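What follows is a set of notes on a single structure, which appears directly below.
Atoms considered below: every heavy atom in the structure, side chains included; atoms not considered: hydrogens, waters and symmetry mates. Only a predicted model underlies this, so the values are computations on that prediction, with no experimental measurement involved.
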2 protein chains.
Amino acid sequence: MQLKSLRLFMAVAETGSFVAAANQLHTVQSNVTAHIKKLEEELGVQLLQRAGRVRPTSAGLALVEYAERILTAHDEAVSLFKGQEKACGRLRIGAMETTTALRLPPILAAYHAAQPDVDIQIKTGPTAELVELLLNGQVDCVFVAGRLEHGRYHLLKAFSERLILVGSTPMTKMPSSQALLTSAFLAFRQGCSYRQRIELLLASYGVNAGRIFEFGSLDAMLGCVAAGMGYTVLPRGTVEAHQHRFGIHTLELPTSIANVDTYFVAPEPESWTPALASFADTLRDALVVDEPQLTAS
Amino acid sequence: MQLKSLRLFMAVAETGSFVAAANQLHTVQSNVTAHIKKLEEELGVQLLQRAGRVRPTSAGLALVEYAERILTAHDEAVSLFKGQEKACGRLRIGAMETTTALRLPPILAAYHAAQPDVDIQIKTGPTAELVELLLNGQVDCVFVAGRLEHGRYHLLKAFSERLILVGSTPMTKMPSSQALLTSAFLAFRQGCSYRQRIELLLASYGVNAGRIFEFGSLDAMLGCVAAGMGYTVLPRGTVEAHQHRFGIHTLELPTSIANVDTYFVAPEPESWTPALASFADTLRDALVVDEPQLTAS
DNA sequence: TAGGGCTATCTCAAAAAAAGATAGTAGCGA
DNA sequence: TCGCTACTATCTTTTTTTGAGATAGCCCTA
């Protein structure tokens, strides 16, 4: 069975005429006859009654219902990829907790304004988990810290974060090795790239296995830091956004450790849906606007 | 876009291999490549990632969802007509009130036992209305009294009813013209063929315009007859089935007026769905069994 | 009864699909 | 690192299907 045959059949059923159906679908009457005939042969049923008026038999009416479902689904599928100007469907984005909280909102707002028909789904998680999601096709794109070593992926440097040390008391210089060793560190669960930075930081101070507590949410983590539970390392912007809510203090870290780039990672552009392509556009636009601020900070 | 292309695409997505998909659908690998390539060109999107493992891109995964819907609907439509042995779908039957009450139950039971996957819908109404429904394709078949004059329809004499006069008092002979003229007659609403018989009966007694009350249900009608409201004319079997519930009495009518055949009417067999074809089989079987009783009565 | 509008059928050319053959590529193990 | 294997892409040929035109037959209407 051909989709084209179903289209012609529907046109005949609606117009009640082979000639009209042929004109409507830009072909000739003999082809309509041939398609309908083939359909009827395939299904072993007479679909149309040709006595004077052409009208569907009850078998034909039954087919109409299914043909509508089939053709509607087909049209939707095509418009998913060929939607003229306005994308539709679904966009699944993976991002780190900090990125989601601080960087995504304005971009998502702009995107939603541009593409109101796209369902947006955000999955948050640590970098390693996000990469896994992307590789498994469970998300369409991710924002992760650090370049993705995997080949065949589209990379775009999205945000430059500067990590700072966060603690519950004012700090003017780096805590001593001894202090670091006896303090706890609070980090996102295994896989978070910021956590790697914490371990790098500790290592640079000759401290190996500080106690690290794992957290799943930013609020919980900052709350515990404020309560004097220990230190954490977070992007400056994230901390500043929450600083008024918690009694926390910060300290600059050495540049080599502090600077972390967040990349937008997606498969090759050839496999992008219009929804994803449009998101990449929105993202690029937003970055051009923000770029001066980022470099100035 | 071709249904075949979607089938191949799904097979590739499932098996993760062009060769496997080709074998599964009994074709060769080069054709799978060609179909997928054409699909990708039509949609302007890369659907499959060929790096080592063949796996759908996120665009491909999006298409998978729609392809499933399309192919499922298609398969259902085909099985509607090509269902091997067991029909499915829907069967809409139109029948007169009396036929529905008296004749259909055993046939429907047998049919449902044979074809449990078919949804049965019964519409009751007077003959003229049923014919209209059939002509409009709102039912698949009807049981009506008298031959349908319309051409191009399949006719099967299903039941022979013998009409009798029903009244509230014992009758040994036909009421006088005077009695008929002053009595009311109760009938189904306009279009019922039994009603025509009533008018024929009255005419044969030289009575022209007796009062005729219209009813929509058998129970209401018999109840009113029992209450002495007037006479009615109904199939003997129908009356006998209800006689114990109502205080009603009957009288044989002249054969020329009394005998009414109920016909099974459907469009030409070429346009029958398997559900309808199977119902016709069931009906024929039931009639063969009942025939001796019918002729004996 | 003639004419207009409709569908079925036939035919031919063009397009498309199927199948086979071959070349190129990635992954795997020695 | 070198084949070996299994896979996909491409090219070619053959077969099938499709599209469009021409024509014949049918039904309805005037």
Exercise. Quick one: does A/F279's side chain get under 4.5 Å of A/L108's, heavy atoms only?
Worked result: yes
For this session: Would you classify A/V32 as touching base, sugar-phosphate or nothing, given that sugar-phosphate means primed atoms plus P, OP1 and OP2, and contacts are heavy atoms under 4.0 Å?
Result: nothing
Exercise. Which of parallel (below 30°), tilted (30 to 60°) and perpendicular (above 60°) describes A/W272 and A/F264?
Worked result: perpendicular
Problem set entry | N/O (side chain, A/K37) to phosphate O (OP1/OP2, C/dT7) under 4.0 Å | no
Problem set entry | Carboxylate-amine/guanidinium contact A/E161 A/R197, below 4.0 Å | no
Exercise. D/dA9 phosphate, OP1 or OP2: any side-chain N/O from B/R50 under 4.0 angstrom?
Worked result: yes
Exercise. Using a cut-off of less than 4.0 Å, is there contact between a side-chain N or O of B/N31 and OP1 or OP2 of C/dA17?
Worked result: no
Problem set entry | B/S30 (side chain) and C/dG20 (base): donor-acceptor pair under 3.5 Å | yes
For this session: Report yes if at least one side-chain N or O of B/Q2 is closer than 4.0 Å to OP1 or OP2 of C/dA17; otherwise report no.
Result: yes
Exercise. Would you say A/T27 reaches D/dA20's phosphate, i.e. side-chain N/O to OP1/OP2 under 4.0 Å?
Worked result: yes
For this session: Starting from P on C/dA8, measure out to NE2 on A/H35 and report it in whole angstrom.
Result: 14 Å
Exercise. Are A/T33 and A/Q29 linked by a side-chain donor-acceptor pair shorter than 3.5 Å?
Worked result: yes
Exercise. Between A/T33 and C/dT7, is there a side-chain N or O to OP1/OP2 distance below 4.0 Å?
Worked result: no
For this session: Ignoring backbone atoms, establish whether A/K38 has a side-chain N or O less than 4.0 Å from OP1 or OP2 of D/dT17.
Result: no
For this session: Send over the distance from A/L47 CG to C/dT7 C1', rounded to a whole Å.
Result: 16 Å
